[in-house]
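Comments concern the structure below.
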Amino acid sequence: MYLQIIPEYIPVPEAINYLSGIAEIVLGVGLFFNKTRIMAAWGVFIMMIAFIPAHILMIQKAPFYLGNLMISSTVAWIRLALQPLLILWAYIHTKK
């Protein structure tokens, strides 16, 4: 379902979709452990920056369905507005 928000200029979107999903899981698990927390936080920080084009594309495509969820223009703008806060959160955790 996420293929539709991968920008067209990204090569092999199916592979990127799977790799980003695996990376999200690995980084999420890495946040649980002291030895990997800082490195995982850096990974989350980088991924959130990398996902900004997808959030912009969501604004351009709205309204549309992402799976069963209706993404309205308002929802897409809120997601983009939250991204800097989440990036800051991840950055703060790279320092602990």
Side-chain angles (χ1 to χ4, degrees):
M1 89 179 148
Y2 291 110
L3 289 174
Q4 62 185 320
I5 59 170
I6 296 176
E8 291 180 11
Y9 58 84
I10 302 290
V12 289
E14 293 86 5
I16 295 297
N17 186 44
Y18 283 113
L19 289 173
S20 66
I22 291 167
E24 286 178 2
I25 292 167
V26 169
L27 294 171
V29 170
L31 292 171
F32 284 108
F33 303 101
N34 288 331
K35 288 185 176 184
T36 57
R37 185 169 295 133
I38 291 174
M39 186 172 30
W42 275 113
V44 170
F45 173 81
I46 292 166
M47 283 190 70
M48 289 195 177
I49 291 171
F51 288 165
I52 289 174
H55 290 289
I56 293 169
L57 186 59
M58 289 173 71
I59 291 168
Q60 294 170 341
K61 287 184 147 202
F64 70 98
Y65 280 92
L66 189 60
N68 293 328
L69 181 64
M70 168 60 122
I71 304 296
S72 67
S73 181
T74 302
V75 168
W77 276 104
I78 289 170
R79 287 178 60 105
L80 181 62
L82 286 174
Q83 202 69 3
L85 297 173
L86 295 171
I87 291 167
L88 176 62
W89 169 82
Y91 180 74
I92 288 168
H93 286 279
T94 65
K95 303 300 179 192
K96 294 185 176 183

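Throughout, numbering of the chain's residues begins at 1 and tracks the sequence.
- The backbone N or O of Leu3 sits nowhere less than 3.5 Å from a side-chain atom of Glu14 that would complete a donor-acceptor pair.
- The side-chain hydrogen bond (donor to acceptor under 3.5 Å, both in side chains) analysis of residues 21-48, with sequence neighbours excluded, yields the pairs Asn34-Arg37.
- Atoms CE and CG, from Met48 and Leu85 in turn, are 10.5 Å apart once rounded to the nearest 0.5 Å.
- In the hydrophobic cluster analysis, where Ile, Leu, Val, Met, Phe, Trp and Tyr join through side-chain heavy atoms closer than 4.5 angstrom, Leu86 is grouped apart from Leu66.
- Phe64 is not connected to Leu80 by any chain of hydrophobic side-chain contacts under 4.5 Å among Ile, Leu, Val, Met, Phe, Trp and Tyr, and they are in different clusters.
- Atoms OG1 and CD1, from Thr94 and Ile46 in turn, are 10.0 Å apart once rounded to the nearest 0.5 Å.
- Nearest heavy-atom pair across Ala54 and Pro7 is N-CG, 4.5 Å.
- Here CZ of Phe45 is found 9.0 Å from CG of Leu88. Values are rounded to the nearest 0.5 Å.
- In this structure, the separation between CG on Leu31 and CE on Met39 is 11.0 Å, given to the nearest 0.5 Å.
- Ile6 and Leu19 fall into different hydrophobic clusters, where Ile, Leu, Val, Met, Phe, Trp and Tyr are joined by side-chain heavy atoms under 4.5 Å apart, directly or via other members.
- Interatomic distance, Ile87 CD1 to Leu82 CG, rounded to the nearest 0.5 Å: 11.0 Å.
- There is a path of hydrophobic side-chain contacts, each under 4.5 Å, that joins Ile49 to Trp89.
- Of the inter-residue distances, the one linking Gln60 atom CD with Ser73 atom OG reads 11.0 Å to the nearest 0.5 angstrom.
- By the 6.0 Å contact criterion, OH on Tyr91 is open, its count of non-hydrogen atoms from other residues, nucleotides or ligands being 12 or less.
- Here the closest heavy-atom approach between residue Ala40 and residue Gly30 is recorded as CB-C, 3.6 Å.
- No more than 12 heavy atoms of other residues, nucleotides or ligands shown are found within 6.0 angstrom of OH on Tyr2.
- Annotation for Gln4 and Leu57: closest pair O-CD2, 3.9 Å, computed over non-hydrogen atoms.
- Hydrophobic clustering of Ile, Leu, Val, Met, Phe, Trp and Tyr side chains at less than 4.5 Å, counting indirect connections, keeps Ile5 apart from Met70.
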